[in-house]
Amino acid sequence: MKWQHYKFDVLSSTQSHLQALVNETPNLPEGYVVQAGKQTSGYGRHGRDWEEGEGNLYTSFLLRPDCSVSAIGEVSLLSGVALANTFRKHIKTPPIYLKWPNDVLIEYKKCSGILIDSGSIHDGLIPYLIIGVGVNVKAAPLKESSHLQHYLTDDINADTVLSDLRQEFSTLYEQWKREGFTPIRDKWLKNSFPVGTRVSVKIKDNKITGKFQTIDNTGALVITCDNSNKTKTITAGDVFINE
Ligand code: BTN
């Protein structure tokens, strides 16, 4: 994939910046990347704030996969695998796990977040996707989170992480376009926390507890519920690990 990289000292949000650019220039090419040294109004999934930390990575990039809505979930999982591979390149221990759909956890602590926005759907097709990635490289803004430098003696910075992520992402994205979701699903499962891990899933005001089983061939989460012992397939929700 050909990348066009634009770096800013400060933006309100790389995600809203890139969204505004796509609106102004509808043929903005795939691979357009925006990076900011700082964000003043970064946001995460479900409209939550994304906390700032000095030296962390804030980036958004544009994809034009030219396919149906199902691609959104698939690319979301693919992005998590690309980020887990990026972290593994530098961190050999402790273990790095993916938590559905695409949080990368080191020692069960969140070190990154991925946000996917899509253009409005026409005839079941998505015109573009904007992938927003925040990585705690140098600082963990929340008590329960961690950062990459904490696990390393050599210096690491946001630019190195982004360059590795671009490479990992390109490889997986090309494979996905050639071979579909199956190999990406296999890779996601190899990176996932173990089958049988106890989880709770918050879906709006409901909470389901159970054991992680797998992800299905659409990328949905499959758990065995505690109270019924039945399998449940979940397409949207927040997953918490019950250690
Ligand atoms: C999450 O809720 O876990 C996703 C967080 C995504 C944060 C990134 S930082 C770069 C990009 N710009 C934003 O405003 N959000 C995303």
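Atoms within a ligand are numbered from 1 in the order they appear, just like the ligands themselves. In this text, all values refer to a predicted model and were calculated from it rather than measured experimentally.
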>> Around atom CG of N157, are there more than 12 heavy atoms from other residues, nucleotides or ligands closer than 6.0 Å?
In response: yes
>> Would you say that more than 12 heavy atoms from the other residues, nucleotides or ligands in this model lie under 6.0 Å from the NZ of K177, or not?
In response: yes
> Is a side-chain N or O of W188 found less than 3.5 angstrom from the main chain of P101, in a donor-acceptor match?
Replying inline: yes
Please tabulate, for side-chain N and O atoms in residues 30-38, each donor-acceptor pair with protein atoms closer than 3.5 Å (sequence neighbours left out).
from	atom 1	to	atom 2	distance (Å)
E30	OE1	R64	N	2.6
E30	OE1	Y173	OH	2.7
Q35	OE1	H5	NE2	2.9
Q35	NE2	D159	OD1	3.0

> Which salt bridge (charged side-chain N to carboxylate O under 4.0 Å, His left out) pairs, counting each pair once, include a residue from residues 217-242, with sequence neighbours left out?
Replying inline: R48-D238, R198-D226
Could you pull out every N or O of ligand 1 that sits under 3.5 Å from a protein N or O, with the distance for each pair?
from	atom 1	to	atom 2	distance (Å)
ligand 1	2 (O)	R45	N	2.7
ligand 1	3 (O)	K110	NZ	2.7
ligand 1	12 (N)	T14	OG1	3.1
ligand 1	12 (N)	Q39	OE1	2.9
ligand 1	14 (O)	S13	OG	2.8
ligand 1	14 (O)	Y43	N	2.9
ligand 1	15 (N)	Y43	O	2.7

>> The criterion is salt bridge (Lys or Arg N to Asp or Glu O under 4.0 Å); which residues satisfy it with D155, sequence neighbours excluded?
In response: K138
